[in-house]
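So the structure is just underneath, and the comments pick up after that.
None of these values were measured; they are calculated from a predicted model. These numbers come from the heavy atoms of this one structure, side chains and all, not from hydrogens, waters or symmetry mates.
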Amino acid sequence: MLITIFILILTTSCSLLEPFVDRRRNAGVENIENLYVGRSTPSEPAICYNGLLSDEAKIQQLADAECKKHDTGTHAVKTHTSKFTCKMFLPSHDYFKCVK
């Protein structure tokens with residue numbers, strides 16, 4: 001019974017499995033140099049994702065949107081990938097660099 005509930009929670013909460021930009025902010029920090037924590041910066045976005053569930057186009061689209069949002073470039077170029085460095089269900093990171 002418990003396993004069934006666990007599977008239902010996982011399948012109904014798709015947002016837990018969606019790729020996301022790995023960026024967090026320090027609340028109350030005025031110095032822009034110390035504002036962001038996490039692996040992502042405005043000019044070098046990092047995307048957490050699950051390689052079995054996410055396609056490259058979606059990850060690239062997220063990185064491109066971050067570059068445009070922060071006006072640090074017109075698109076993102078992938079620099080490298082790391083495994084098992086993010087959340088349990090989204091274990092991979094793709095790192096990008098914003099370019100014009």
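Phe20 has its side chain within reach of Cys86: a pair of non-hydrogen atoms, C-beta onward, lies under 4.5 Å apart. You'll find the side chain of Cys67 reaches within 4.5 Å of the side chain of Pro45, heavy atoms only. Between Pro19 and Ser54 the shortest side-chain heavy-atom distance falls below 4.5 Å.
Taken from NZ in Lys58 to CG in Leu53, the straight-line distance is 12.5 Å, to the nearest 0.5 Å. Between the NE2 atom in His93 and the CG atom in Asp22 there is a gap of 3.5 Å [rounded to 0.5 Å]. To the nearest 0.5 Å, atoms CG (Leu17) and NZ (Lys87) are separated by 10.5 Å. Distance check: Cys98 SG to Asp64 CG gives 8.5 Å after rounding to the nearest 0.5 Å. Remark: Asp71 CG to Ser43 OG distance equals 12.0 Å, nearest 0.5 Å. In this structure, Tyr95 OH and Lys78 NZ are separated by 12.0 Å, a value rounded to the nearest 0.5 Å.
A ring pair (Phe, Tyr, Trp, His ring centres under 6.0 Å) check over residues 39-78, counting only residues at least two apart or in different chains, returns nothing.
With respect to Phe96, the side-chain contact (heavy atoms from CB on, under 4.5 Å) criterion is satisfied by exactly one of Val77, Val21, Leu62, Ile47: Ile47.
Between the side chain of Gln60 and the backbone N or O of Ala76 there is at least one donor-acceptor pair closer than 3.5 Å. In this structure, the side chain of Ser82 does not engage the main chain of Thr85 through any donor-acceptor pair within 3.5 Å. Side chain of Thr74 to main chain of Val99: a donor-acceptor pair is present (N/O by atom type, distance under 3.5 Å, no hydrogens or angles).
Hydrophobic clustering of Ile, Leu, Val, Met, Phe, Trp and Tyr side chains at less than 4.5 Å, counting indirect connections, keeps Ile59 apart from Leu90. No single ILVMFWY cluster, assembled from side-chain heavy atoms under 4.5 Å apart, contains both Phe89 and Phe84.
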Could you walk me through whether Asp94 and Glu56 satisfy the side-chain contact (heavy atoms from CB on, under 4.5 Å) test, starting with their C-alpha distance in whole Å, then the side-chain angles of each, then the deciding distance to 0.1 Å, before giving a yes or no?
CA-CA 10 Å; Asp94 270 0; Glu56 286 288 325; 4.2 Å; yes
